[in-house]
Amino acid sequence: LFDAPYREVCTVKRSRTNTQLQALSLLNETTAVESARKLAERMLLEGGDTDQLRLEWGFRLVTARRPEAAELQLLQAGLQQDLQTFAAAPAAAAKLLQVGAAPANAALAPDRLAAWTLTANVLLNLDEVISH
């Protein structure tokens, strides 16, 4: 995004970037948050009957591989923390779900969708998703 090569020269593979501005943009920019919410909706509706299946499905969707046990454990821990946070702060969940032009799926509980949105944002910001 920020360390892109110039178009005058052919580049076979882009270099990795550590630009802090890129990380902030990918985490907080309106389109990035809205994309994460839409991925979260898909994970909840299409990913399976359990949180673990949904996490595995979403991970595989964005990375084209299955998550390792340690990766899955970290995602589950983060999701549980976010579920607790948004259950205690429904106004924060509602505010997060208003980001972007596409409306949130009203059939999904706002606190649950907000927590899954943060999890999806983590997935979309993995280095292997951004760089490969």
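Predicted model, so just to flag it, every value in this text is computed and none were measured.
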K.L.:
Tell me if a side-chain donor or acceptor on Glu68 pairs with a main-chain N or O of Glu71 at a distance below 3.5 Å.
P.N.:
no
K.L.:
Once rounded to the nearest 0.5 Å, what's the spacing between atom CG of Asn121 and atom CG of Leu39?
P.N.:
9.5 Å
K.L.:
Which atom pairs, one a donor and one an acceptor, fall under 3.5 Å between side chains of residues 82-103 and the rest of the protein, sequence neighbours left out?
P.N.:
from: Thr85; atom 1: OG1; to: Gln81; atom 2: O; distance (Å): 2.9

K.L.:
Would you mind telling me which of Arg112, Arg37, Lys38 makes a side chain to side chain contact (heavy atoms under 4.5 Å, CB included) with Thr117?
P.N.:
Arg37
K.L.:
In the structure I gave you, are the side-chain heavy atoms of Trp116 and Arg54 within less than 4.5 Å of one another anywhere?
P.N.:
yes
K.L.:
In this structure, would Val129 and Leu118 fall into the same cluster of hydrophobic residues linked by side-chain contacts under 4.5 Å?
P.N.:
no
K.L.:
Applying a strict under-4.5 Å side-chain criterion to I, L, V, M, F, W and Y, I'd like to know whether Leu72 and Leu124 cluster together.
P.N.:
yes
K.L.:
Give, for atom CG of Asp51 and atom OG1 of Thr119, the distance between the pair rounded to the nearest 0.5 Å.
P.N.:
9.0 Å
K.L.:
Taking the side chain from Arg60 and the backbone from Arg65, do they hold a donor-acceptor pair closer than 3.5 Å?
P.N.:
no
K.L.:
For residues Gln76 and Gln52, determine if any side-chain heavy atom of one lies less than 4.5 Å from a side-chain heavy atom of the other.
P.N.:
yes
K.L.:
Membership question, hydrophobic clusters at under 4.5 Å side-chain separation (ILVMFWY): are Met43 and Leu45 in the same one?
P.N.:
yes
K.L.:
Kindly check if the number of other-residue, nucleotide or ligand heavy atoms within 6.0 Å of CD (Gln73) is above 12?
P.N.:
no
K.L.:
Treat each ILVMFWY residue as a node, draw an edge where side-chain heavy atoms are under 4.5 Å apart, and state whether Leu44 and Phe59 are in one component.
P.N.:
yes
K.L.:
What is the distance from atom OG1 of Thr50 to atom CG of Leu53, rounded to the nearest 0.5 Å?
P.N.:
3.5 Å
K.L.:
Which distance, rounded to the nearest 0.5 Å, do you find between the CG of Leu61 and the CZ of Arg42?
P.N.:
5.0 Å
K.L.:
So Leu123 and Thr63, do their side chains get closer than 4.5 Å, heavy atoms only?
P.N.:
no
